[in-house]
2 protein chains.
Amino acid sequence: MEKDFRSGCPISSALDVIGDKWSLLIIRDMLIKHKKTFKEISDSDERIAPSILSARLKLLESYKLISKTKIPENKKENIYLLTEKGIRLTPIIIEFSLWGDTNMREFNEIDDIEGLNSDKSFVIQSVQDSYNSMLLNFR
Amino acid sequence: MEKDFRSGCPISSALDVIGDKWSLLIIRDMLIKHKKTFKEISDSDERIAPSILSARLKLLESYKLISKTKIPENKKENIYLLTEKGIRLTPIIIEFSLWGDTNMREFNEIDDIEGLNSDKSFVIQSVQDSYNSMLLNFR
DNA sequence: ACTTTTACTTTCAAATTGAAAGCAAAAATA
DNA sequence: TATTTTTGCTTTCAATTTGAAAGTAAAAGT
């Protein structure tokens with residue numbers, strides 16, 4: 001097996017799993033937009049290639065950030081859901097959102113996100129609560 | 001000029017600048033370990049190649065996350081310092097640190113970081129205050 | 001029966017990464 | 001003053017990764 005981690009630093013170790021061009025965007029769509037299938041995740045503004053999405057979903061599953069299941073009603077579609085580890089990425093996603101919103105407007109036209117300027121811990125709690133409610137329908 | 005940004009999403013836009021394998025580790029060393037020169041930043045556990053470090057410093061400078069200066073006492077060494085935009089990455093760095101600490105121990109031996117489990121906003125404030133004090137010696 | 005959809009895999013060219021070596025100017029040492 | 005070392009890179013080039021496009025097999029829809 002190849003060496004997966006560059007060092008014992010927690011920041012570096014986190015980046016070794018989710019510090020690539022696509023993982024956090026996949027997590028964003030699952031966490032905030034409640035996307036659950038390959039097709040849904042493929043349909044983003046950023047146009048991820050299916051080969052990359054396939055590889056990333058496998059890797060995220062191997063590190064237990066997401067789980068892959070099927071529902072009995074549909075034998076074809078896979079359902080991808082965030083695990084606890086995955087849901088715990090909410091603060092990182094929100095901090096990226098806030099930082100991009102404040103610091104990138106000078107270089108790119110940034111979409112306005114409603115409710116982003118409410119109290120930070122309230123935003124984080126809301127996102128997590130909303131995802132957890134959705135999860136109740138899937139077991 | 002090539003298109004720099006994949007979409008108008010603030011998360012995606014932030015990732016287009018710092019969402020690579022190395023940028024946040026460079027920021028970590030500057031912000032937390034107060035590293036300021038090419039040499040100091042090169043000497044990390046993760047062993048970044050000089051070609052990569054050079055390219056990343058240029059890019060971070062172009063997006064105004066860091067500044068490059070010299071001090072009159074030394075004509076050779078460049079001094080890299082975080083700008084306001086760069087210092088504002090502190091919450092992201094701390095969240096990565098917390099997430100890695102909690103969620104990666106199962107897959108990698110993670111260094112213990114002292115003081116990480118104090119109040120989150122206190123940790124963030126301390127890191128920023130400490131960096132800003134150091135900055136006072138450089139202008 | 002057929003057409004479409006889904007969740008991929010395969011292919012292959014282009015872009016990126018990264019190890020190693022090279023280099024010129026400045027600083028340190030003899 | 002001459003030589004050696006250090007610094008901050010750049011260059012080179014092979015290996016890896018990315019990503020667009022096409023292909024595929026099974027399930028679902030018509």
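Small disclaimer: the values here were computed from a predicted structure and weren't measured. A, B, ... follow the sequence lines: proteins, then strands. Residue 1 opens every chain.
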Taking 4.0 angstrom as the limit, do Asp29(B) and Lys36(B) come out as a salt bridge? no

Output the rounded distance in Å from CD1 (Ile52(B)) to P (dT10(D)). 13 Å

Short N-O contact, Arg56(A) and Asp20(A), less than 4.0 angstrom: yes

Taking atom C1' of dT18(D) as reference, at what distance in whole Å does atom CH2 of Trp22(A) sit? 10 Å

If you pin Arg56(A) and Glu77(A) to their nearest nucleotides in DNA chain D, which one's is more 5'? Arg56(A)

Using atom CZ of Arg47(A) as one end and atom P of dG19(D) as the other, report the distance to the nearest whole Å. 13 Å

What is the separation between atom NZ on Lys35(B) and atom P on dT7(D), rounded to the nearest whole Å? 14 Å

Could you tell me from which nucleotide to which nucleotide of DNA chain C, 5' to 3', there is an atom under 4.0 Å from chain B heavy atoms? dT17(C) to dA27(C)

With a 4.0 Å cut-off on N to O distance, would you call Glu77(A) and Lys39(A) a salt bridge? no

Using a cut-off of 4.0 Å on non-hydrogen atoms, how would the nucleic acid contact of Thr37(B) be classed: base, sugar-phosphate, or nothing? sugar-phosphate

Gap between atoms CG and C1', on Leu53(B) and dT7(D) respectively (whole Å): 12 Å

Taking only N and O in the side chain of Ser51(A), is any of them less than 4.0 Å away from OP1 or OP2 of dG19(D)? no

To the nearest 0.5 Å, tell me how far Ser7(B) OG sits from Asp111(A) CG. 6.5 Å

Pair Glu46(A) + Arg28(A): basic N to acidic O under 4.0 Å: yes

Between C1' on dT11(D) and NZ on Lys58(B), what's the gap in Å once rounded to a whole number? 12 Å

Hey, does the side chain of Asn78(B) come within less than 4.0 Å of dT7(D)'s phosphate (OP1/OP2), counting only N and O? no

How long is the line joining CG of Leu15(B) and P of dT18(D), in whole Å? 14 Å

Measure the distance from CD on Glu40(B) to C1' on dG8(D) and round it to the nearest whole Å. 13 Å

Salt bridge or not for Glu40(B) and Lys33(B), using N-O below 4.0 Å? no

Does dG19(D) have OP1 or OP2 under 4.0 Å away from a side-chain N or O of Lys21(A)? yes

Here the gap from Lys120(A) atom NZ to Gln125(A) atom CD, rounded to the nearest 0.5 Å, amounts to 15.0 Å

Counting only side-chain N and O atoms of Lys68(B), is one of them less than 4.0 Å from OP1 or OP2 of dC9(D)? yes

